[in-house]
Amino acid sequence: MAVFMDLNITYTTDKKRLRSVIETAAHLGYSTVAINYVVDLQQKKQEIGKPKCVSELFDTFPIVQGKSRPIKVLNRLTVVASRAAHFKPLREYKAYDLVAAYPKTETLFHAACMEFTIDIICVAATEKQPFFFKRSSVEGAIERGVFFEVSYTPAIRDSTMRRHTIANALNLMEACKGKNVIVTSGAGKPLELRGPYDIANLGLLFGLSEEEGKAAISTNCRAVHLHGEMRKTALGIVHSMKNEQPLTERQEEEDVPASKRAKIEMAQ
Amino acid sequence: MVRLKSRYLLCEVCVSDRSNLLLLDDRAIYTAAKAAVARAHGDYGAALSSLGFSVKYLNAHTGIVFLRCRKSHYRLIWSALPFITSLENRGQRVPCFLNCLHVGGTIRTCQKFLVRYNTQQLHRMLPLCQSEGMRWSQIYFLLLFCTLLLFHCLS
């Protein structure tokens, strides 16, 4: 049984609802969930705040159906981008495990694929995409390790949005050939979640093959998680752990090579 | 010899309020599934679901459903199941969703999976039971359910 992840649960200030959504996700078999804070910087007085501490929600996390581990909850930020200037503040991004962008124009989409330090690019689900996906930008994103996200909850709620979601998803598949896609819910209520095998099958409607559909909720999501971790820790070189010295590039270039240093540490 | 192969979809009906579960019957799920397939795949879907599609078993207490479809079309019908948002029964709407647990070729394989699934559920829920009485009732309940299913399928 692979590890299934659902990387988009809309944040609500109602704690009880959030709790019930996460409990339902654990019941359905998702090992990891991410709470999504959406920020639209075009509206005035919206700032990227700090995410709420995850341990506030639960004392003991609910155990995932079929495994013995508790569910893992991450924090994710989605920036609705209408201007490139919105991507300046990098300090606040470090507090979040995953960062996503929702580009509204073609130039921003291209910039997001090539330059911005993000993990996920959201594909519109509630409206028809105003621009087409250019294969050059999509391929650039795939090389960098950025993933494209298709959200399925609008499709469940309404029929016109269903058409838009499927149309946009098929458009994306033509450009990216099924690589680097993740499928997530945008669930605000526990009844809007669906089981992992159902979603892998929904991938068929979105133009993914059977294998790609299963990968979209398991291996690709794991890759996004790792990408987010690498972004936080500067390519995995800087880690902060208790009682251990952080290894930075500068230290590695010092006189004592790493193998010798390990021996010295063991001898002590 | 031509053997008619079918696929059995083992689904669980998830409701937010457990007492609503008891109101459901197999006809409600049948109509809801047919309507969802017709909405998602149009006339082609409606035609497919009229061929060899049936609700074989429904347990109102635990919310387990067996849906039977033809092997050639089960994927299409399965892909329309996530779009079910509510079930209607005698004028009452129950908001719910279907979670597919397992796809099997025969009822027997689905039942084997179900027994394993129920034991996992038991392991999950027993620590949460507050009293000894509740625990025994859970175990008894699940055992009863397994034997009922066996009788139903063998008959």
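Naming: A, B, ... by sequence-line order, numbering from 1 per chain.
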Greatest number of heavy atom pairs closer than 4.5 Å to chain B - which of T24(A), L191(A), L204(A):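 Among the listed options, the one with the most contacts to chain B is L191(A).
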
For chain B, the option from L193(A), I166(A), I199(A) that forms the most heavy-atom pairs under 4.5 Å: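 Top count of heavy-atom pairs under 4.5 Å with chain B: L193(A).
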
Nearest 0.5 Å, please: how far is [atom2] in [Y] from [atom1] in [X]?
X	Y	atom1	atom2	answer
E192(A)	T85(B)	CD	OG1	10.0 Å
I84(B)	I156(A)	CD1	CD1	11.0 Å
E12(B)	H27(A)	CD	NE2	3.5 Å
L28(A)	C14(B)	CG	SG	5.5 Å

ring-ring contact (aromatic ring centres under 6.0 Å, His included) pairs, two or more places apart, involving residues 87-111 of chain B: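 For residues 87-111 of chain B: H102(B)-F113(B).
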
Proximity breakdown for C96(B) and chain A, heavy-atom pairs closer than 4.5 Å: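 The backbone, not the side chain.
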
Portion of A155(A) that has a non-hydrogen atom of chain B nearer than 4.5 angstrom: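 Both backbone and side chain of A155(A) come within 4.5 Å of chain B.
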
Region of R157(A) in contact with chain B, defined by heavy-atom distances below 4.5 Å: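 No part of R157(A) comes within 4.5 Å of chain B.
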
Within-4.5 Å side-chain heavy-atom neighbours: F83(B) and L205(A):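 Result yes, sub-4.5 Å side-chain heavy-atom pair found.
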
Would the number of heavy atoms belonging to other residues, nucleotides or ligands and lying under 6.0 Å from [atom1] of [X] be above 12?
X	atom1	answer
E88(B)	CD	yes
E127(A)	CD	yes
K34(B)	NZ	yes
D43(B)	CG	no

Minimum heavy-atom distance L202(A)-P82(B), with the two atoms named: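 Residues L202(A) and P82(B), closest heavy atoms: CG-CG, 4.2 Å.
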
Positions in residues 67-79 of chain B that reach chain A, provided some heavy atom is under 4.5 Å away: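 When heavy atoms of chain A are the reference, residues 67-79 of chain B contributes R75(B), W78(B), S79(B) within the under-4.5 Å range.
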
